[in-house]
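Side chains included, hydrogens not; waters and symmetry mates left out as well; all remaining heavy atoms used. One is the number of the first residue; the rest follow in order along the sequence.
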Amino acid sequence: MDFKKTWDSLHELPRYRPKYPDDRVVAWTFRNFSRNGGSPPALLDIGCGAGRHALFFATEGFKADACDFSAVGVEATRERASKAGLTIGTAVCEADELVYPDNSFDGALVFGTFTYLPYERFVRAVEEVQRVLKPGGKALIVTRTYKDSRVDHAEKIGHCTYRILKMGDGSPSDVEEGMIMTFLNEAEVEKVFSPFKLVLRDRLTVTMSGGQYFDDDWYIHVEK
């Protein structure tokens with residue numbers, strides 16, 4: 001399966017170009033980064049897709065950068081920023097091979113992106129977040145838990161790594177069949193994010209189709 005081609009195709013569709021930021025991302029941003037005086041904090045949206053969170057950062061006065069391995073998603077971010085009169089730095093790169101120098105950002109957001117990496121690449125991507133953050137920098141990583149209903153419709157192909165099978169009518173997403181995903185339990189969260197001095201985790205479960213399916217996500221808060 002050509003995952004880059006798949007995501008390029010998805011980012012062409014309105015469904016995969018949401019406009020509004022996740023409310024928990026909004027809360028995390030305002031709780032952790034001040035806009036009162038001095039240089040605005042530099043925030044990076046890793047796996048930006050069509051740029052909804054990077055656009056939110058820029059709109060609120062932060063120095064925003066965004067990256068994704070999908071050139072289509074990055075171009076959509078650029079177009080949206082231009083239309084809104086906003087400045088957002090953009091780059092096409094893999095999440096586990098970021099193009100930014102060490103100690104570049106005050107904050108980083110990863111909204112679901114690492115879920116779509118096999119475990120070994122997931123670990124490298126977390127190390128990349130730690131590398132590009134400044135000392136004291138903070139990140140929010142949203143990723144699937146091992147309780148997510150996709151696990152029940154998948155074949156295990158490696159440590160914490162699964163290939164999604166056909167899920168059926170009413171499933172959260174009918175385009176995920178064949179995709180590779182990593183699902184973490186509590187112990188793996190502590191292990192994978194051990195490079196950080198602070199690790200807090202929250203959890204959000206959202207049911208669908210009368211409880212037949214559910215998204216089960218970690219909201220992981222870290223500090224370098």
Side-chain angles (χ1 to χ4, degrees), residues 1 3 6-7 9-11 13-29 31 45-53 56 68-70 73 95-96 108-123 125-126 129 139-193 196 199-222:
M1 185 175 186
F3 295 109
T6 298
W7 281 107
S9 298
L10 293 177
H11 287 313
L13 305 175
R15 176 182 174 182
Y16 296 93
R17 294 191 178 196
K19 295 180 180 179
Y20 305 109
D22 180 82
D23 58 354
R24 290 199 172 198
V25 172
V26 174
W28 169 77
T29 304
R31 287 173 183 165
D45 183 4
I46 302 172
C48 62
R52 61 170 173 156
H53 291 118
F56 160 67
D68 201 292
F69 85 144
S70 168
D96 56 343
L109 170 68
V110 183
F111 196 83
T113 305
F114 292 0
T115 297
Y116 297 93
L117 298 175
Y119 180 82
E120 293 77 11
R121 292 189 62 196
F122 191 116
V123 172
V126 171
V129 173
L140 173 63
I141 297 94
V142 181
T143 192
R144 305 287 186 207
T145 85
Y146 69 112
K147 295 289 188 179
D148 190 274
S149 62
R150 291 165 179 80
V151 176
D152 298 326
H153 302 270
E155 59 176 345
K156 191 171 185 180
I157 60 173
H159 183 64
C160 299
T161 305
Y162 295 76
R163 179 180 291 108
I164 306 302
L165 305 176
K166 188 174 182 61
M167 295 184 66
D169 295 338
S171 63
S173 178
D174 57 3
V175 301
E176 291 182 340
E177 182 179 353
M179 288 189 177
I180 305 301
M181 293 190 188
T182 290
F183 301 91
L184 300 182
N185 60 25
E186 293 89 344
E188 283 293 339
V189 169
E190 296 299 324
K191 176 182 175 182
V192 170
F193 292 92
F196 294 91
V199 179
L200 301 173
R201 65 176 186 268
D202 294 316
R203 185 171 169 181
L204 179 65
T205 303
V206 178
T207 64
M208 290 156 282
S209 300
Q212 181 180 1
Y213 300 100
F214 47 90
D215 289 344
D216 205 73
D217 295 323
W218 294 121
Y219 281 70
I220 302 168
H221 306 255
V222 299

- Item | Straight-line distance of M167 CE to D152 CG, nearest 0.5 Å | 8.5 Å
- Note on the structure: Taken in chain and number order and not counting sequence neighbours, the residues that satisfy ring-ring contact (aromatic ring centres under 6.0 Å, His included) with Y219 are none
- Determine, for R150 against D148, whether the closest basic-nitrogen to carboxylate-oxygen distance falls under 4.0 angstrom. yes
- R17 side chain to H11 backbone, donor-acceptor under 3.5 Å: yes
- Could you check if a side-chain atom of F196 sits within less than 4.5 angstrom of a side-chain atom of V126, using non-hydrogen atoms only? yes
- Heavy-atom pair with the smallest gap, counting every atom of V129 and A139: CG1-CB, 3.8 Å
- Message: Run the side-chain contact (heavy atoms from CB on, under 4.5 Å) test on M208 and D215 for me, step by step, so that the C-alpha distance in whole Å, both residues' side-chain angles and the decisive distance to 0.1 Å come before the verdict.
- Response: CA-CA 8 Å; M208 290 156 282; D215 289 344; 3.5 Å; yes
- Task: Is it possible for you to check whether R52 lies under 6.0 Å from the centre of the six-membered ring of F111, through NZ or CZ, and within 45° of that ring's axis?
- Result: yes
- Query: Do any N or O atoms from the side chain of H153 and from the backbone of E177 form a donor-acceptor pair under 3.5 angstrom?
  - Reply: no
- Task: Please tell me if the side chains of T182 and R144 come closer than 4.5 Å, counting only heavy atoms from C-beta onward.
- Result: no
- Query: What distance separates L200 CG from L140 CG, expressed to the nearest 0.5 Å?
  - Reply: 11.0 Å
- Task: In sequence, state the C-alpha distance, the side-chain angles, and the governing distance for E186 and R201, and then conclude on salt bridge (charged side-chain N to carboxylate O under 4.0 Å, His left out).
- Result: CA-CA 9 Å; E186 293 89 344; R201 65 176 186 268; 5.1 Å; no
- Query: What distance separates F69 CZ from I46 CD1, expressed to the nearest 0.5 Å?
  - Reply: 14.5 Å
- Does R203 count as lying over the ring of W218, i.e. NZ or CZ under 6.0 Å from the six-ring centre, within 45 degrees of the axis? yes
- Heavy-atom nearest pair, Y162 first then A154, reads CB-CB, 3.8 Å
- Does the ring centre of F183 sit less than 6.0 Å away from the ring centre of Y146? no
- Message: Could you go through F56 and V26, starting from their C-alpha distance and side-chain angles, then the distance that decides it, and tell me whether this counts as side-chain contact (heavy atoms from CB on, under 4.5 Å)?
- Response: CA-CA 8 Å; F56 160 67; V26 174; 3.9 Å; yes
- Message: I'd like to know if the side chain of D216 reaches the main chain of K147, judged simply by a donor and an acceptor atom lying under 3.5 Å from each other, with no hydrogens or angles considered.
- Response: no
- Between T161 (side chain) and H159 (backbone), is there a donor-acceptor pair under 3.5 Å? yes
- Would you say the side-chain atoms of D68 pair up with the backbone N or O of C48, donor to acceptor, closer than 3.5 Å? yes
- Task: Kindly give the heavy-atom pair with the smallest separation between I157 and R163, and that separation in Å.
- Result: CG2-NH1, 3.5 Å
- Item | side-chain contact (heavy atoms from CB on, under 4.5 Å) between T6 and M179, intermediate numbers included | CA-CA 10 Å; T6 298; M179 288 189 177; 3.8 Å; yes
- Message: Taking side chain to side chain donor-acceptor pair (under 3.5 Å) as the definition, give me every residue that meets it alongside N185, ordered by chain and number, with sequence neighbours left out.
- Response: none
- What's the shortest heavy-atom distance between L117 and F122, and which atoms? CB-N, 3.9 Å
- Side-chain H-bond candidate by donor/acceptor type, H221 with D202, under 3.5 Å: yes
- Query: Looking at E188 and C160, what are the two nearest heavy atoms and their distance?
  - Reply: CG-SG, 3.7 Å
- Message: Can you confirm whether L109 sits close enough to V25 that some side-chain heavy atom of one is under 4.5 Å from a side-chain heavy atom of the other?
- Response: yes
- Kindly indicate, with the supporting measurements, whether the criterion side-chain contact (heavy atoms from CB on, under 4.5 Å) is fulfilled by F214 and V206. CA-CA 5 Å; F214 47 90; V206 178; over 6 Å; no
- Message: Show the nearest heavy-atom pair for residues R24 and L204, with the distance to one decimal.
- Response: NH2-CD1, 3.9 Å
- With sequence neighbours excluded, give me every side chain to side chain donor-acceptor pair (under 3.5 Å) pair touching residues 108-118. T115-T143, Y116-E176
